[in-house]
Amino acid sequence: MSTTAPPMVSFRHAVKTFPAKSGEVRAVDDVTLDIRTGEIFGVIGYSGAGKSTLVRLINALEPATAGEVIVDGQDVTALPERELRRVRAGIGMIFQQFNLLSSRTVAGNVGYALAVAGWPREERKDRAAELLDFVGLSDKARQYPSQLSGGQKQRVGIARALATNPKILLADEATSALDPETTQDVLDLLRRVNSELGVTVVVITHEMDVVKYACDRVAVMEDGKVVEHGDVYSVFARPEHRATRRFVGTALRDRPSPAALERLRHRHPGRIVTVAVREDGASSTDLTRALREHPLDGTIIYGGIVEIAERPYGSLTLELTGEDAAIAGFITDLSRSTSVLDLGTAEHPLADPDAVGPRATTASSEADEGPSAPDPHQALGADRLGGVDHPFWSPFALLRRWRR
Amino acid sequence: MNNETDWDYLVPLLQKAFGETLWMVSISLLIAGVAGLALGLAVYVTRRGNFLENRTVFTVLNLLINTIRPIPFIIFVFAVGPLTMALVGRTIGMEAAIPPMAIMAAVAFARLVEQNLVALDPGVVEAARAMGASRWRIVWSVLIPEALGPLILAFTFLTIAVIDMSAVVGMIGAGGLGDFAIRHGYQRFNWEVVWATVLIIIVLVQVVQVLGNALARKALRR
């Protein structure tokens, strides 16, 4: 894809504030960012980071409080409602809860988007059939959304969002209510939408795996700010910001949690080091060489290496036994080509500053700085709970609305 | 008091009363259905966070509904007398029963409509907005169809409430089944007539409920 083409979406010092009990909440805080034409762009952040609000600035479902949001060459912050409706018709959007019209059939849902866009009735039917064929749901055209599985519902959502040939598709936590396998299917479909139809896709997620699997570039959001952005590999291979490191840690689980580290120290009283494995750093070959060349014993006791953007990424944790000087030489040697984190020995432990996961049971771990990363399982569970499809008249649906 | 009820005399009167009830209920429902739907939608869309959020309009409409609803209907019929006079030119008879019945039914229905819309998933409205749908289109092509099943049930509930109201307006000479039961039954110590009328009202209500349930089921068959 060309990087010289003008960006599809440009945020320039975009700000969105909401009134709150104590003053105001800055949901989007001075964001300047370009989303390139034809790419799959990920926005990752924990709940409340402002990513959903950021994406709603693009189709002006939420009007920006300040700054510019230029979509396909047009500043949407300056447009009146009537004009915005036309812009929105050129931007598809899919949602975590699918948001299909339960009173219409699958074909009727796709046809609805066409009706809104002013397509003549005769053409709607053919177009709807074409799109349902694209998402592989031709046989479900006459069924109602309640008869479909979550993955099928999201496919209908995608067909509906693409009905009017949009240049941009916004996916707001589109896979968060789906199981891992269905998530994969939906992400594959989004990749097809991008490669076959040339649609620029913006993916909002709290799942590192989604970004890892589908995105070309990514922005990491925290407290309304974009704290880091760039191509997926460089952002996650060399995370600068704490939030980014936490995402990498939760997705990879390549580094021992404080609790796991404590157990490891129990079994392995020697010097423990974590060696990063990256494309541009040490490969496991370098590690093997260093182990051979220095007079010490190394045992791999923890770790993981995966692919991010089709390149290797991860870390290995080793127990080193030998003379202190030999260990120091080994660390110095490897540090030339990659980052080595010294975790000390059972007797003189050193903490991992970016550790994620369960805390150690020792009292000292209570005095941890900053907010702890949410347990990914728990976060997922909470989202799923909110994601149950209650009928709209049920007290649960009512409760969910109140809690908003 | 003779023990024999003179049905030959009463049946034509009963038929007339039945017709009066049907007429009053139908006209009131027609007006209340349209007005209540509009009022309920207005309250919903101006509610905080919704797409025509307007605190003033919401507060005024909400207050209006809350003020009228708790007034006992029998008192309300007399209280709106001047308005009835202005609208239909008289304060007694069947025509005079329509304004109080229609107004009370409209505010009741407005509340029912609003409650059913509030229960609707706001995500569906957001999806329609994201497609570029106008507000008016969202009202008729999203809000009403999505809530149609519960709205039909609410209207069924309203119909039965209006049948109930129609029994009270005998007080202002509007006739109807309630009036028949009181004048030809209760006031003549003829329980047979009272119970016969009650039975007719029960059957009428049952028919309405069964019809309403069937329609709602049809609307909800998805």
Side-chain angles (χ1 to χ4, degrees), chain A residues 55-56 58-62 81-105 108-109 112-118 143-148 157 160-161 163-164 166 170 172 389-402 404, chain B residues 40 43-45 47-55 111-157 212-213 215-222:
Chain A
V55 80
R56 278 165 176 73
I58 298 174
N59 57 2
L61 282 181
E62 298 287 358
E81 178 71 20
R82 181 175 291 272
E83 283 291 299
L84 279 178
R85 293 213 292 270
R86 195 183 46 71
V87 172
R88 285 179 192 141
I91 302 174
M93 189 164 186
I94 56 173
F95 306 85
Q96 179 174 3
Q97 296 311 322
F98 323 120
N99 295 351
L100 300 178
L101 297 164
S102 60
S103 56
R104 290 168 197 261
T105 61
N109 267 277
Y112 182 74
L114 295 167
V116 168
Q143 296 198 1
Y144 283 92
S146 62
Q147 297 167 291
L148 305 181
R160 182 174 73 171
T164 55
L170 309 175
D172 183 18
D389 243 347
H390 297 298
F392 51 79
W393 64 85
S394 88
F396 297 102
L398 204 64
L399 192 70
R400 195 165 78 211
R401 198 189 139 78
W402 282 341
R404 276 195 340 140
Chain B
V43 174
Y44 173 77
V45 298
R47 177 182 270 271
R48 200 178 150 190
N50 286 355
F51 59 87
L52 278 175
E53 179 175 340
N54 185 322
R55 186 182 278 250
R111 188 56 88 208
L112 292 169
V113 168
E114 187 226 1
Q115 282 172 355
N116 282 306
L117 293 177
V118 164
L120 213 65
D121 182 356
V124 188
V125 173
E126 190 182 35
R129 285 187 65 212
M131 287 177 224
S134 69
R135 288 153 177 165
W136 180 235
R137 182 190 279 273
I138 289 172
V139 168
W140 63 258
S141 69
V142 177
L143 294 181
I144 295 175
E146 286 295 297
L148 193 60
L151 285 181
I152 291 171
L153 291 177
F155 194 74
T156 308
F157 182 87
N213 286 351
L215 279 172
R217 207 176 309 119
K218 201 168 172 193
L220 280 172
R221 189 176 294 150
R222 318 174 158 156

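Residue numbering restarts at 1 for every chain, and letters A, B, ... go by the order of the sequence lines.
Counting non-hydrogen atoms of neighbouring residues, nucleotides and ligands closer than 6.0 angstrom, the CZ atom of Phe157(B) reaches no more than 12 such neighbours.
Interface remark: Gln143(A) contributes no atoms to any contact with chain B (heavy atom separation under 4.5 Å). Arg56(A) touches chain B through its side chain: at least one heavy atom from C-beta onward sits under 4.5 Å away, while N, CA, C and O do not. Leu170(A) does not touch chain B: none of its heavy atoms, backbone or side chain, sits under 4.5 Å away. The contact between Ala115(A) and chain B is made by backbone and side chain atoms together, counting heavy-atom distances below 4.5 Å. Only the backbone of Ile91(A) has a heavy atom closer than 4.5 Å to any heavy atom of chain B.
Distance CD1/Ile144(B) to OG/Ser103(A): 11.0 Å, rounded to 0.5 Å. Atom CG of Leu220(B) and atom OG of Ser146(A) lie 10.0 Å apart (nearest 0.5 Å). Atom-to-atom distance recorded for Arg85(A):CZ and Arg137(B):CZ is 9.5 Å, nearest 0.5 angstrom. Atom CZ of Arg160(A) sits about 3.5 Å away from atom CE of Met131(B), to the nearest 0.5 Å.
Asn99(A) contributes a side-chain N or O that, together with a main-chain N or O of Gly123(B), makes up a donor-acceptor pair within less than 3.5 Å.
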